[in-house]
Amino acid sequence: MFRKMLIANRGEIAVRIERTCREMGIQTVALYEAADRRSLHVRLADECVPLNSPQGFLDGQAILEIAQAKGVDAIHPGYGYLAEEASFIRACNEADIVFIGPPAVVVERVRHKIDTLRRARAAGFPTVEYAPTIFDADDLAGDDGRALHEAVAHLGYPVVIKSCSGGRGRGERLVWSADRLLEAARRAQAEAQAVYGNRRVYLERAILPAHQVGVQIVADEYGRLIHLGEREGSVQYGSRKVIEEAPAPCLTQPQREHLWQTALDLARLFEYQNVGTVEFLVDGSGQFYFTEFKARIQVEHPLTEMVAQVDLVREQLRLAAGEPLTLEQAGVQLKGWGVLAHVNAEDPWQRFLPGPGRLQRVRLPGGPGVRVDSYVYSGCDVPAAYDPLVAKLVAWAADRPQTVERLRRALAETVLVGTPVNLSLLRRILGTPEVAAGTYTTEFLARPLPDEEQPESYWRDLAVTAAVLYVRRNQAFHPAVPERTLSGWHQDSRRLPQ
């Protein structure tokens, strides 16, 4: 096993990796940029090194030089950045440093989205409809976007613009009409460049309504392969997941087992290795369509870990070290239900405007069946330069209703003061009939959410708070105004002025 590992990432995923490394006796080296020097992943690592590069975590050469200087024998990329960059994987191998993830040949095999879809379809697997053209920055430089419109003409609207590097999520845009196509493609390219360092995009025909479902797979280099169930991430805005759960409520048990087997067959077709996810879209009739591989650990991996009771980071390390897969499919037991909420530093009522700043007070939840993956603490900074994700809250229980209630309790316990966060949106989502019944689709957040019902005590406390602030403000501007009624209002809200 490895002696020292460099983590080429930041935030909650870096903290997550560090914790497993510590349990396994592996020393860790953390990287940080100036805005992130007080982050928790820097404090928990055995060593930390500033990353002084304009490209940041996308600068593979700078990261490799630090790794060599620190004498590490492995690099874990987390997700995003260099996690699926075959050239970086090969550079690590040439430097005699183990890359924690699939080998370069596997990443290249599944990274080209259109070739992957073409090969899967030729093998008889149902896939989404796609255009065979990849669009780079120069292809959209003109004003008419003729090639782009011609590609859409073969698919029909609505169409999905997807990043060749990221797939679903960042760099994805749903387009309903021709007048918005060119601008949406340019925005998708700009976002993909910022997140993945690659502007290339391609087109798929949209499936609406749809459910987004991924099957977690684990494979060694000796041909052993298992799945750890599926996750559904259909509650999303701007192609970014908000609430995810396992198992997927949109599937019946026969559909679920068929999906698992299809994922394993696809993994064998592409000779997959290490940890990854096979992604599908499921339509309203329950028919599913293969879309892509995620050749890395995913943001939502804690959800699978709670349901399957498997440490996926530990499995990544073992497999990268050349050890065989010890788990067998018959021994995998998927127990209970898990629901995950993405807590982001952003204002959902101001078009999800990011909210960087200093968190003055942090209280994270606990209790039975609750897990928190985060990098925040009281007094830490939320930098503006990165994704706004600050925490992932996972609740687990024996059945879905109890799990949803447990997550609602965990969200109610969570306190993050100092920057805008989306906690109020998450609470409202969990209170909707669609989420309660598990009948939501990827279009769920395209419609306004119903107003949240509040108990009488909420409005009473809100009135008391408003009155106190009113008095305090008037005292600040008119010091001669007495404070005679302030304590009385605290004691009896019925004495508030009307």
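Just so you know, these numbers use all the heavy atoms, side chains as well, and skip hydrogens, waters and symmetry mates. Because the structure is predicted, anything quoted here is derived from the model rather than measured.
Side chains of Gln261 and Glu257: no donor on one and acceptor on the other come within 3.5 Å. Arg16 and Thr20 are linked by a side-chain donor-acceptor pair at a separation below 3.5 angstrom, with hydrogens and angles left out of the test. Side chains of Ser234 and Glu232: a donor on one and an acceptor on the other come within 3.5 Å. The closest side-chain donor-acceptor pair between Thr277 and Arg231 falls under 3.5 angstrom. For the residue pair Glu300/His342, the side-chain donor-acceptor check at 3.5 Å is not satisfied. No side-chain donor from either of Gln216 and His227 sits under 3.5 Å from a side-chain acceptor of the other.
The cationic group of Arg10 lies under 6.0 Å from the six-membered ring centre of Tyr386 and within 45° of the ring axis, placing it in a cation-pi geometry.
At distances below 3.5 Å, at least one donor-acceptor pair connects side-chain atoms of His211 with backbone N or O atoms of Tyr440. Checking side-chain atoms of Glu65 against main-chain N and O of Ala62 turns up no donor-acceptor pair under 3.5 Å. Between the side chain of Gln189 and the backbone N or O of Asp136 there is at least one donor-acceptor pair closer than 3.5 Å. Remark: side-chain polar atoms of Arg37 are paired, donor with acceptor, to backbone N or O of Ala34 under 3.5 angstrom. No donor-acceptor pair closer than 3.5 Å links the side chain of Tyr375 to the backbone N or O of Ile13. The main-chain N or O of Gly223 is found under 3.5 Å from a side-chain atom of Asp220 such that the two form a donor-acceptor pair. A donor-acceptor pair under 3.5 Å is formed between the side chain of Asn422 and the backbone N or O of Asn344. Checked by atom type and distance alone, the side chain of Arg400 never pairs as donor or acceptor with a backbone atom of Pro247 at under 3.5 Å. A donor-acceptor pair under 3.5 Å links the side-chain atoms of Arg318 to the main chain of Pro324, judged by distance alone. Thr403 places a side-chain N or O within donor-acceptor distance of the main-chain N or O of Trp337, the cut-off being under 3.5 Å.
Looking at Glu172 and Lys162, no side-chain N of the basic residue comes within less than 4.0 Å of a carboxylate O on the acidic one, giving no salt bridge.
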Please step through side chain to side chain contact (heavy atoms under 4.5 Å, CB included) for the pair Val218 and Asn274, ending with a clear verdict. CA-CA 6 Å; Val218 185; Asn274 207 269; over 6 Å; no
Walk me through whether Glu305 and Arg371 qualify under salt bridge (charged side-chain N to carboxylate O under 4.0 Å, His left out). CA-CA 10 Å; Glu305 291 184 328; Arg371 167 176 168 175; 2.8 Å; yes
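Applying the ring-ring contact (aromatic ring centres under 6.0 Å, His included) test to residues at least two apart or on different chains, the pairs with a partner in residues 56-110 are Phe57-Tyr81. For residues 85-94, the set of pairs meeting the side-chain hydrogen bond (donor to acceptor under 3.5 Å, both in side chains) definition, not counting sequence neighbours, comprises Arg90-Glu108.
With a 6.0 Å radius and a threshold of 12 heavy atoms from other residues, nucleotides or ligands, Arg314 has its CZ atom above the threshold.
From His112, atom NE2 reaches atom CZ of Arg119 across 13.5 Å, with rounding to the nearest 0.5 Å.
Taking the six-membered ring for Trp, Tyr32 and His41 have ring centres at least 6.0 Å apart. Ring centers of Phe293 and Tyr272: under 6.0 Å apart, within the cut-off. For Phe288 and Phe280, the gap between ring centers is short of 6.0 Å.
Side-chain contact between Tyr130 and Ile114 is present, with at least one heavy-atom pair separated by less than 4.5 Å.
Under the salt bridge (charged side-chain N to carboxylate O under 4.0 Å, His left out) criterion, Lys70 pairs with Glu47, sequence neighbours left out.
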